[in-house]
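Just follow the structure's listing: the first ligand is 1, and inside any ligand the first atom is 1. We use all heavy atoms of the structure for the numbers below, so side chains are in, but hydrogens, waters and symmetry mates are not.
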Amino acid sequence: MTQINIIAAIGANNEIGLNGDIPWGKFPEDLKHFKSLTIHSTIIMGRKTWESIGCKKLPNRRNIVVSRDINYLNKIKKDVNCFQSIKSAIKSVTIGDIFIIGGSEIYEQTIDLSKKIYLTQIHKSFDANTYFPMINDDDWKTVNCISSFNNDFGYSFIELDRV
Ligand SMILES: NC(=O)c1ccc[n+]([C@@H]2O[C@H](COP(=O)([O-])OP(=O)(O)OC[C@H]3O[C@@H](n4cnc5c(N)ncnc54)[C@H](OP(=O)(O)O)[C@@H]3O)[C@@H](O)[C@H]2O)c1
C-alpha cells in the first residue's frame, strides 16, 4: 500500500520560502537527509517548486510536477511525470511511497492525506514569504528527533507520525 509522506525544512517561524527560493540558501546536511529519504521513491511537487529547483529532474526518483496549466505541462520533458491535479498524481502511484516535497500550496492540500511528516526544523528565523501549514499537535506525535549544528544554525531532523 502506497504511503503518503510530507518532507519539508522549516525555519523557526514555519518559513519555507523566499521569492521562489529557500530562505537559508545552501544546507548540504539537509540535502543529504532529503536524498536518503526520497531516493527510489516518488516525489510530488508544485509547479513553483519545480521552477525553484531549476526545472531539473532529481535523479533516481520518479518526479511528478503538478500544474493546472496543460500548456505548461506539455513543455516539460518526458522523463518527468505531469498531472493537472494532485489527486490524479497520487492515484498514479501504485508502487513505493510518495514524498510530497512542496511547496506551501501542495503541503496545504496534502497534509490531511499524509501519514508521516519528515521535518527539518531550523532553530533560526529568516526573511520569508512562504510558510508551512500549521501542524495540529493533536494529530501528530514525534517518533524521532535528532539535533545537530552546522556553521550557521542548530537544526533537528524530526519524524512525526499521524496519531
Ligand atoms: N523549505 C522547504 O522544504 C521547501 C520545499 C519546497 C518548496 N519550498 C519553497 O516554497 C516556495 C514555492 O511554494 P509555493 O507554495 O509558492 O508553490 P508550489 O506549491 O511549489 O507550487 C504552486 C503551484 O502548483 C500548482 N498547483 C497547486 N495546487 C494544485 C492542484 N490542486 N492541482 C494542480 N496544480 C496545482 C499551481 O501551478 P500553476 O500555477 O502552474 O497552475 C500552483 O501555482 C519556493 O520559495 C520554494 O523554494 C521550500
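Taken from CD in E159 to CD1 in I146, the straight-line distance is 8.5 Å, to the nearest 0.5 Å.
Looking at atom 18 (P) of ligand 1, its nearest protein heavy atom turns out to be G103 N, 3.5 Å. With respect to atom 31 (N) of ligand 1, the closest heavy atom belonging to the protein is Q109 OE1, 2.9 Å. Looking from atom 33 (C) of ligand 1 to the surrounding protein, the closest heavy atom is Q84 O, 3.2 Å. Protein heavy atom closest to atom 27 (C) of ligand 1, with residue, atom name and distance, is E105 OE1, 3.3 Å.
Between S67 and ligand 1, a contact under 3.5 Å exists for at least one N or O pair. Considering backbone and side-chain N/O of A9, one or more are found under 3.5 Å from N/O of ligand 1. For the pair I16 and ligand 1, the shortest N or O to N or O distance falls below 3.5 Å.
Taking all heavy atoms of E108, R68, M45 into account, the minimum distance to atom 29 (C) of ligand 1 is reached by R68.
Each of the following atoms of ligand 1 lies closer than 4.0 Å to a heavy atom of W24: 1 (N). Listed by number with element, the atoms of ligand 1 under 4.0 angstrom from any heavy atom of Y107 are 3 (O), 5 (C). The R47 neighbourhood of ligand 1 comprises atoms 21 (O), 23 (C), 24 (O), 37 (O), 38 (P), 39 (O), 40 (O), 43 (O), with distances under 4.0 Å to a heavy atom of that residue.
Using a 4.0 Å cut-off between heavy atoms, T120 makes no contact with ligand 1 at all. Residue-level proximity to ligand 1 for F34 is absent, since no heavy atom of it falls below 4.0 angstrom.
Between F27 and F153, the ring planes are perpendicular. Angles over 60° get that label, and only those under 30° would be called parallel.
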